[in-house]
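Order of the sequence lines sets the chain letters (A, B, ...), proteins ahead of strands, with each chain counted from 1. Here the structure is a predicted model, which is why all the values come from computation and not from measurement.
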2 protein chains.
Amino acid sequence: MYSIQDVSKKTGLSTHTLRYYEKEGLICGVERSQGGFRQYTDEDLEALGLICCLKNTGMSLQEIARFVSLTRSGEHTLAERVSMLRQHRENVLDRMAEMQKYLDKVTWKLKFYTEKLNAYEAAEGKNSECACKDRA
Amino acid sequence: MYSIQDVSKKTGLSTHTLRYYEKEGLICGVERSQGGFRQYTDEDLEALGLICCLKNTGMSLQEIARFVSLTRSGEHTLAERVSMLRQHRENVLDRMAEMQKYLDKVTWKLKFYTEKLNAYEAAEGKNSECACKDRA
DNA sequence: CTAAACCTTAAAGTTTACTCTAAGTCAATA
DNA sequence: TATTGACTTAGAGTAAACTTTAAGGTTTAG
């Protein structure tokens with residue numbers, strides 16, 4: 001059993017965010033102490049792992065809540081869950097391909113500016129003693 | 001020369017967004033017709049290409065505005081521009097590695113649920129004529 | 001036994017990046 | 001020339017995902 005504080009440390013989510021996720025239906029059935037404090041199990045942590053995975057790959061909290069609610073509705077929702085995951089996987093793959101394309105552009109631009117900078121600094125060194133020699 | 005409508009089509013950004021980007025300092029010096037209409041040049045389009053590239057790889061509009069303003073401030077800002085791009089490139093690489101890790105998890109989950117679904121449908125077919133046969 | 005450090009809820013506030021509205025100007029066409 | 005439709009600005013509104021606040025109950029170390 002973990003306190004909300006423990007879980008916050010383990011997941012990197014703030015305690016505020018953990019309560020918020022519960023309110024939004026992303027985490028369900030977290031047990032409580034007699035005093036009403038949340039007591040997370042290892043299963044809850046696992047569920048949070050999936051939630052973070054989906055969230056960090058661009059799934060909206062609303063969709064995640066939908067997925068979680070399907071998970072709790074029994075086996076007749078398996079087809080829809082599979083279809084959601086399959087679609088999401090496609091989205092992630094597309095996103096990664098796009099990122100790679102953009103990365104190439106950033107790399108190219110960086111090369112371009114680096115060369116420009118080298119030329120500029122060479123010229124600067126030739127023409128004058130520069131006050132900003134100690135630039136890292 | 002392109003109208004805001006043309007540029008909207010070419011970039012996929014709405015006309016609202018294009019004006020908004022201008023207001024926020026992401027695009028500068030767009031020419032105007034005698035009637036005050038925006039007239040974008042090929043250079044503006046190129047600049048927009050870089051803006052979209054940076055934005056779609058996770059740079060905030062504020063940072064992009066900063067980069068653009070450096071670009072317009074002369075060669076003494078080259079070092080900072082290079083450093084921004086270098087840092088951004090690192091971020092993109094980190095993000096891609098993270099995505100790959102999460103993708104593996106999604107793939108694994110998908111496999112898990114697909115197998116569960118197959119088992120479920122097999123059992124379903126064995127035990128009863130199901131009303132929802134025409135599921136895709 | 002009391003004070004500090006936790007926990008609770010409900011609700012308001014914040015940030016980012018748009019997106020839309022209103023009121024008016026400009027351009028091309030019937 | 002009148003109307004349609006695209007353009008202009010300023011500013012209000014929206015959605016998502018938190019984040020903070022307020023007001024109060026619980027637990028545990030000293």
To the side chain of [X], which of [options] is closest?
| X | options | answer |
| --- | --- | --- |
| B:Leu61 | C:dC18, D:dG25, C:dT16 | C:dC18 |
| B:Lys55 | C:dC18, D:dC18, D:dA17 | C:dC18 |
| B:Gln5 | D:dT19, D:dC7, D:dT9 | D:dC7 |
| B:Phe37 | D:dC18, D:dT8, D:dT27 | D:dT8 |
| B:Thr17 | C:dT19, D:dT26, D:dT8 | C:dT19 |
| A:Ile4 | C:dC18, C:dT16, C:dT8 | C:dT8 |
| A:Arg38 | C:dT9, C:dC7, D:dT19 | C:dT9 |

Using a distance-only test with no angle check, is there a side-chain donor-acceptor pair under 3.5 angstrom linking A:Thr107 and A:Asp104?
->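 There is no such pair between these side chains.
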
So, is A:Arg32 close to the C:dT9 phosphate, meaning a side-chain N or O under 4.0 Å from OP1 or OP2?
-> yes

Select base, sugar-phosphate, or nothing to describe what B:Gln34 touches, counting heavy atoms under 4.0 Å on all strands.
->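 Answer is sugar-phosphate: B:Gln34 comes under 4.0 Å of backbone atoms only.
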
Touch class at under 4.0 angstrom, heavy-atom based, for B:Thr15 against every strand present = nothing

By nearest nucleotide on DNA chain D, pick out whichever of A:Leu13 and B:Ser3 is the more 5' one.
->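 Of the two residues, B:Ser3 wins.
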
Find the distance A:Tyr20:OH to D:dT21:C1' and express it as a whole number of Å.
->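 For the pair A:Tyr20 OH and D:dT21 C1', the rounded distance is 17 Å.
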
